[in-house]
Protein chains: 2
Amino acid sequence: MSADIQTAPTLRDDETLDDTTAGGSSTLHDNLLAGLRAMFMASELPDGSRIPEAELCQRFGVSRTPLREALKVMAAEGFVILRPNRGAIVAPIDPEEVGPLYEFKGALERLIGLTAAERATDEEIAALEVLHLQLNEALSASRHDDYTHLNYRFHRGLAQATRNPLLIQNYETVQQRIWRYRFLVNEHDRRLQQSFAEHERILTALKARTPLDLAERLESHSRLTGQAMLAVVASRKLETASENANKRRAPARRSPNPIDTEQA
Amino acid sequence: MSADIQTAPTLRDDETLDDTTAGGSSTLHDNLLAGLRAMFMASELPDGSRIPEAELCQRFGVSRTPLREALKVMAAEGFVILRPNRGAIVAPIDPEEVGPLYEFKGALERLIGLTAAERATDEEIAALEVLHLQLNEALSASRHDDYTHLNYRFHRGLAQATRNPLLIQNYETVQQRIWRYRFLVNEHDRRLQQSFAEHERILTALKARTPLDLAERLESHSRLTGQAMLAVVASRKLETASENANKRRAPARRSPNPIDTEQA
DNA sequence: TACTGCTATTTTGCATTCAAAATCTCGCTA
DNA sequence: TAGCGAGATTTTGAATGCAAAATAGCAGTA
């Protein structure tokens, strides 16, 4: 009866940590939720766009009932906005939410640092080191997209090392919400170099298992990234302020203009 | 067209801060969600008990569809556990989750302290002072239940002063999840006295608008409460460990045995 | 041509229905 | 009497149906 023991205590790559359905036997609803989340992570749906129930039903091959259930959950998590009688839309990209998002994330990072330093297993630390090496490779090769993905996994791994399910879940959600704004900072080499240097120190603190130190470095890392994003948002805002004098209904769309401000 | 301006900037008492449906026109689903949350706050459903869809449908006068939608959301928030094909149950009281819950809450408290100290309006501070006075009255009169409710509102008010919607929402959820465990500490006068003293210092720091100080006091206040609960949990566990040698399926039910350990 | 108001179509919210799964009932056997 | 199993009943998960709301289309007017 016992499942095979080959479940190594390393960082799993993709998983839908949905603690809501005990047992794990997949209901249609849960698969849908996973599928939708994947779509969001892949940025398949343009932000602000209406979510056509019918279309998605087709795509996933289900009826409207389970789809709508999934959308309600996504709405509760902030990825979707439900307008009564007017359909669901992908939560619009809103520069205003970057601040609160990072402020909140900072608090979680700190807790992650405090607890992961003490609770991470040696295996987990080793796995994080591997990720760190891959991060370095991606950076050297200027594979920015890889870097971003690896970075995501690195921080998720750290969160998981805390053993606090509530923290893990909430951190994951925040990460996913921030994911949509990554274009604000992604392609910029300078910030990436800096970010990697911060990771270096993070890993050091983790290996030293010094909670306060790790907490401080994680929080700071997050804050710096957030500030970099906000700087872009701010410049973007100034830039579009004049343009939008005539053209209504144009909420700061993405364009290749990431970061070139000082980061401190 | 403009609604009346009489919406004073004080702390509102009861509200269902559900940012998920923009606009605010109530859908059945949302009312349901509010109703269910109210039921949970009122502890109307015994923990671990099955949630009879049919019954609740009757009670709320709706069909199963919107009810199930609401349950999915509650499940995502951790109040309900969905067992595929076997119905939903009220998330069982689990002493194991008190630790993670408070650990997480601590991180939020800290952020609340840091930000509320700077962002609270004078009106909000005044409103919190009023609550504080009422808290005092309740304590003096040994109206413990009132105290607990006022305490809930006090901390919610503080959270709202941060102006961070994400923080406000998550804090509210955590508060609600902890609410179910309040019996572990509630009726005990000693902890209440201590708690009130801590509030005194919190309010002082808030009025002085000293972020680090307020953060430290809030975090500490939360930690102490959490520790008090955990102490009860621990003693409860010891106590029932022997009893449960024979009687299976008895997950530490409530009984009048709150706190008498040192709190520090 | 730009705007208003009316009708047709689509989309949404919810109720109902239906098949599959789980639970219960009760007789049978050891 | 305790344990087991086949069938009936209940409950769940999901599809479908239906009324209300919103949207689109279009004719008429200024």
Side-chain angles (χ1 to χ4, degrees), chain A residues 1 16 18-37 45-46 48-76 79-92 246-249, chain B residues 1 16 18-36 45-46 48-76 79-92 246 248-249:
Chain A
M1 265 326 172
T16 343
D18 242 314
D19 227 41
T20 78
T21 62
S25 69
S26 60
T27 62
L28 198 36
H29 162 87
D30 285 305
N31 296 345
L32 253 186
L33 210 49
L36 281 179
R37 281 195 224 282
L45 305 163
S49 68
R50 289 186 70 232
I51 298 176
E53 282 187 9
E55 215 165 279
L56 285 184
C57 286
Q58 275 224 313
R59 164 157 185 165
F60 287 104
V62 299
S63 74
R64 285 175 55 219
T65 308
L67 181 78
R68 298 183 91 251
E69 288 174 354
L71 285 179
K72 298 268 161 146
V73 174
M74 298 285 285
F79 296 102
V80 159
I81 293 190
L82 262 31
R83 302 163 309 167
N85 287 316
R86 310 192 52 243
I89 61 174
V90 180
N246 39 0
K247 185 176 59 175
R248 280 272 57 188
R249 192 66 278 170
Chain B
M1 262 332 170
T16 343
D18 243 313
D19 228 43
T20 78
T21 62
S25 69
S26 60
T27 62
L28 235 191
H29 161 87
D30 286 304
N31 296 344
L32 254 186
L33 210 49
L36 281 179
L45 305 164
S49 67
R50 289 185 73 245
I51 298 177
E53 282 187 7
E55 214 165 280
L56 285 183
C57 286
Q58 276 224 314
R59 165 159 182 161
F60 288 103
V62 300
S63 77
R64 285 174 56 220
T65 309
L67 181 78
R68 299 183 90 252
E69 287 174 356
L71 285 179
K72 299 265 161 146
V73 174
M74 298 285 285
F79 296 103
V80 159
I81 293 190
L82 262 31
R83 303 162 310 167
N85 285 317
R86 309 192 54 244
I89 61 173
V90 180
N246 39 0
R248 280 273 56 186
R249 192 66 280 171

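We name chains A, B, ... by the order of the sequence lines, and we start the count at 1 in each one.
- When the salt bridge (charged side-chain N to carboxylate O under 4.0 Å, His left out) test is applied to A:R64, the partners found at least two apart in sequence or on another chain are A:E53.
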Checking side-chain contact (heavy atoms from CB on, under 4.5 Å) for the pair B:K72/A:K72: CA distance, chi angles, key distance, verdict?
CA-CA 8 Å; B:K72 299 265 161 146; A:K72 298 268 161 146; over 6 Å; no

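- Taking atom CD1 on B:I89 and atom C1' on D:dT12, their separation rounds to 15 Å, with Å as the unit.
- Distance B:F60 CZ to C:dA15 C1': 18 Å, rounded to the nearest Å.
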Using nucleotides 7-10 of chain C, report all nitrogen or oxygen pairs with the protein that are shorter than 3.5 Å.
none

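- The distance between atom CG of B:L56 and atom P of D:dT11, rounded to the nearest whole Å, is 13 Å.
- Look at CG on A:L82: it is 17 Å from P on C:dT11, rounded to the nearest Å.
- Nucleotide C:dA15 holds its C1' atom 14 Å from the CD atom of B:E53, rounded to whole Å.
- B:P92 is linked by a side chain to side chain contact (heavy atoms under 4.5 Å, CB included) to B:I81, B:I89, counting only residues two or more places apart in sequence or in another chain.
- The distance from atom CG of A:L67 to atom P of C:dT11 is 14 Å, rounded to the nearest whole Å.
- As rounded to whole Å, 16 Å separates atom C1' of C:dT12 from atom CD of A:E55.
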Taking only N/O atoms, report every protein-nucleotides 21-24 of chain C pair under 3.5 Å with atom names and distance.
unit_1: C:dT23; atom_1: OP1; unit_2: B:R86; atom_2: NE; d: 2.8
unit_1: C:dT23; atom_1: OP1; unit_2: B:R86; atom_2: NH2; d: 2.8

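- Two residues are said to be in side-chain contact when any heavy atoms from C-beta on lie closer than 4.5 Å; B:H29 and B:V73 meet this criterion.
- Distance CE/A:M74 to CG/A:L67: 10.5 Å, rounded to 0.5 Å.
- Considering only residues two or more places apart in sequence or on other chains, B:R86 meets the side chain to side chain contact (heavy atoms under 4.5 Å, CB included) condition with B:R83.
- Residue B:I51 comes nearest to B:V80 through the heavy atom pair CD1-CG2, 3.7 Å, listed as atom of the first residue, atom of the second, then distance.
- Closest heavy-atom contact between B:A88 and B:L71: CB-CD1, 4.4 Å.
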Set out, line by line, the N/O atom pairs under 3.5 Å between protein and nucleotides 16-20 of chain C.
unit_1: C:dT16; atom_1: O4; unit_2: B:T65; atom_2: OG1; d: 3.2

Working note: A:F60 + A:L36, criterion side-chain contact (heavy atoms from CB on, under 4.5 Å); need CA distance, chi angles, decisive distance, verdict.
CA-CA 9 Å; A:F60 287 104; A:L36 281 179; 4.1 Å; yes

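- Protein atom CD1 of B:I81 is 18 Å distant from nucleotide atom C1' of D:dT12, rounded to whole Å.
- The distance from the CG atom of A:L45 to the CD atom of A:E55 is 9.5 Å, given to the nearest 0.5 Å.
- Between B:L33 and B:A70, the closest heavy-atom pair is CD1-O, 3.5 Å.
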